[in-house]
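Taking it in order: structure first as structure tokens, then the write-up.
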Amino acid sequence: MKIGIVCYPTYGGSGVLATELGLGLAKKGHEVHFITYRRPARLGHFHENVFYHEVTNEDYPLFEYPPYDTALASKLVDVIRYEKLDILHVHYAIPHAAVAYMAKKILLQEGKYIPVVTTLHGTDITLVGANETFSPVVAFSINKSDGVTAVSESLKQQTLDSFEITKDIRVIYNFIDFTRFRKSDKDHFKKAIAPDGERILTHVSNFRKVKRVEDVIQVFKRVNEVIPSKLLLIGDGPERHNAEMLCRKLELCAEIRFLGKQDAIEELLAVSDLFVMPSENESFGLAALEAMACEVPVISTKVGGLPEVNLHGKTGYLSEVGDVEDMGRNAIEIIKSEESLQKFRKNAIEQAKRFDLDKILPEYESYYEEILRTAVHPDKRPVDSPY
Ligand code: GMT
């Protein structure tokens, strides 16, 4: 199959998932074309069957906002036409689903029908999409997609609750590549971070408000008062400054390391003892799954799709948003003894295996096949069809 993939090329979860999906499909022999404004972060080097098309934008003094949507639609038309793609898979509804619809309509004029699959990732529905600045276009373009998937049951339900959706939404969970994410015993690495055998707590995110990074620090403070620990904060974003200020105020800078954006997150997760995700909203929590694959239990909130990933009392614990006391207590409960930690570690990896790439990738492949079989070419529709 020849598949086009559109996503945000940044460190956000949707871009990571889309890139891993494309790489997995390419390994299985599909031809995969990424169409993005920058090379996706995880597309580091040459891969067989993988092609990358950069969307370039034109600047002009009239444009206060260069029209990225138009540039992307034009690029899609060109790539789909020239590379003869079979299907287009766009990740994150805004603006990708609407742009895909535009490209589809343009190509229809020349008799080419390209089915579009839209994957909803979270904030495209819960935070940004539901806002009336975008909602009419989001609802329209979801309904005009040939196939729609959501990364958790919770996100599917939230989509149905927030918009008038006429399309069936298929839940296909996010996945994990176990060849990359697994526990390792890099002792020298662990020693450098925690020279006196302290426990290592880790948080990975894009440091947006929704991630509540300050809660991570508050949880860490409570843990560190009882069990000597270190905290690794991985990623960067608008909330980093506030987080650094809080570390200084709490006089915890010696115990907390801000590592910024990292490519080899798996190496850091692999030496961690606990992952902390106190988000206000999380459709799935891919970073938590990556931790669990490395046998790291998770302290998280019980929002969105997190209860589908992190099982309370088994792979970690779930708390109310902002309840740092509860999260602190739960964290201590997990790491208080080697016996307890090992039990949670074992459960974490067992649960992570449900989301193995080798299980989930075929779900996408058969969904594509289903869409290719059932999407109705306009020639075959009644003449008065509105499509
Ligand atoms: O977490 C973010 O804010 C990034 C965002 C994205 O779209 O890049 O992540 C969303 O998609 C991920 C992949 O499906 C999910 O694992 C995250 O839970 C989801 N984030 C939120 O819902 C806040």
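Whatever order the structure lists ligands and atoms in, that order sets their numbers, starting from 1.
No part of T10 comes within 4.0 Å of ligand 1, judged by heavy-atom distances.
For ligand 1, one of its N or O atoms has an N or O atom of S283 under 3.5 Å away. Where the criterion is an N or O separation shorter than 3.5 Å, residue side chain and backbone included, Y92 fails it with respect to ligand 1. No N or O atom of V210 sits closer than 3.5 Å to an N or O atom of ligand 1. At under 3.5 Å, not a single nitrogen or oxygen of G122, backbone or side chain, sits near a nitrogen or oxygen of ligand 1. Taking any N or O of V151, backbone or side chain, none lies under 3.5 Å from an N or O belonging to ligand 1.
By the 30° and 60° cut-offs, the orientation of the rings of F344 relative to Y317 is tilted. Between H53 and H33, the angle of the ring planes stays under 30°, which puts this pair in the parallel group of the 30/60° scheme.
Centroid-to-centroid, the aromatic rings of H96 and H91 stay 6.0 Å apart or farther.
Distances shorter than 4.0 angstrom do not occur between any heavy atom of T126 and any atom of ligand 1. For H91, the heavy-atom gap to ligand 1 stays at 4.0 angstrom or more. At a 4.0 Å cut-off, not a single heavy atom of G304 sits close enough to ligand 1 to count as contact. The shortest separation from a heavy atom of L17 to ligand 1 is not under 4.0 Å, leaving the residue out of contact.
At least one donor-acceptor pair closer than 3.5 Å links the side chain of N143 to the backbone N or O of A139.
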